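A short write-up of the structure that comes next.
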Amino acid sequence: MTGASHAGVAVVGALGRMGECVREALSGHDRLELAGALEAPGHPGLGRELEAGVAVTDDAQRAFEKARVAIDFSLPDSTLANLRVAAKAGVAYVTGTTGFDDAQREEIAALAQQTPVLHAPNFSLAVNLLVRLTAEAARALGHGVAAEIVELHHAQKRDAPSGTALRLAEAIAEGRDQNLADHLVLERAGDVGPRPDGAIGVQTLRGGDNPGEHTVMFIGDGERIELTHRSQTRDHFARGAVQAAAWILGREARLYSIDEVQGS
Ligand code: NAD
């Protein structure tokens, strides 16, 4: 239950891989505590009591009742539906869900006029450094050096390529002053011909239980630079999301970025 000195947090996707890590990261936190647990309708864990007074529910209003902020790792449709409820209730919203389409991104930005919202495709401090290093390398190397991204994730991951790979592609486009949509190459099969100048290629690998690896390659004639980040656990993502939830409390309603939280 929410104590006087702690702000309540509702975890959306509370029984998922990330939801479990977020609940772990909240336990013993000095400012935040679990106050609600939301899961998908029909989930076998509905009704399970996770802590005294916090049972898993599929009713967003109930899950958000005692919460000041929600931390969500679920699915794009779930994030949108639950963010609409949070916006009405004035509950701040931190989401790490990936795989949104353009219309969903626009709706998230619109709902951020009503309640503070932070969306990050990756909450790792090191990955966000990788994003900045990638933009810097792309700026320095220019269009003449081919940029390719390879990502590897566990076999259960639903969206491809990963939100982080797309963020890295965006960083390359930013560094080279390009429009990403004009240069992104997500597939190569058949008679694809020579590599177009300025292309930004992204390849997706899936298998096993890997929490996520990303390599950015800058491939020139006779030389190559590779920048790689490897996750061995999900704990650092969860800690980053919990840090963002503590940071966003009391802020004005708008869309925030992870760079603002991590002070970069
Ligand atoms: P998961 O499938 O293990 O967990 C998702 C949970 O959401 C499930 O328990 C599911 O039942 C629940 N859910 C589905 N619909 C729901 C609804 N309407 N309301 C409430 N809960 C609902 O997946 P995961 O590995 O935990 O990943 C979840 C998301 O987080 C993915 O989009 C993934 O790419 C992303 N992710 C982001 C980061 C990051 O740092 N931003 C890190 C890891 C994963």
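Start at 1 with the first residue, then count along the sequence. As the structure is a computational prediction, the values presented were derived from the model and not from experiment. Each ligand, and each atom within it, is numbered from 1 in the order the structure gives.
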Q | Between Asp259 and Ser257: side-chain donor-acceptor atoms closer than 3.5 Å | A |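 No, Ser257 and Asp259 have no side-chain donor paired with an acceptor closer than 3.5 Å.
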Q | Exercise: do His214 and Ser162 side chains pair donor with acceptor under 3.5 Å | A |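 Present: a donor and an acceptor within the cut-off.
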With a cut-off of 4.0 Å, which atoms of ligand 1 are near a heavy atom of [X]?
| X | value |
| --- | --- |
| Ser78 | 15 (N), 16 (C), 17 (C), 18 (N), 19 (N), 20 (C), 22 (C) |
| Met18 | 26 (O), 43 (C), 44 (C) |
| Thr97 | 32 (O) |
| Asp159 | 34 (O) |

Q) Counting heavy atoms only, which of Gly19, Gly13, Ser74 comes nearest to atom 31 (C) of ligand 1? A)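 Ranked by closest heavy atom to atom 31 (C) of ligand 1, first place is Ser74.
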Q.
Check contact between Glu20 and ligand 1, using heavy atoms of the residue and a distance below 4.0 angstrom.
A.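 It does not, in that no heavy atom of Glu20 comes within the 4.0 Å cut-off of ligand 1.
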Q. At the 4.0 Å heavy-atom cut-off, does Ala120 count as touching ligand 1?
A.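 Yes; Ala120 lies near enough to ligand 1 that a heavy-atom distance drops under 4.0 Å.
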(Q) Please classify the Gln156 to ligand 1 contact at 4.0 Å (heavy-atom distances, strictly less than): side chain, backbone, both or neither. (A)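 The answer is neither; Gln156 stays 4.0 Å or more away.
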Q. Is Thr164 touching ligand 1 with its side chain, its backbone, both, or neither, if touching means heavy atoms under 4.0 Å apart?
A.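 For Thr164, there is no contact with ligand 1 at all, from either part.
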Q: Return the orientation label for the Phe100 and His119 ring planes: parallel under 30°, perpendicular over 60°, tilted otherwise.
A: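 The arrangement is perpendicular - the two ring planes meet at more than 60°.
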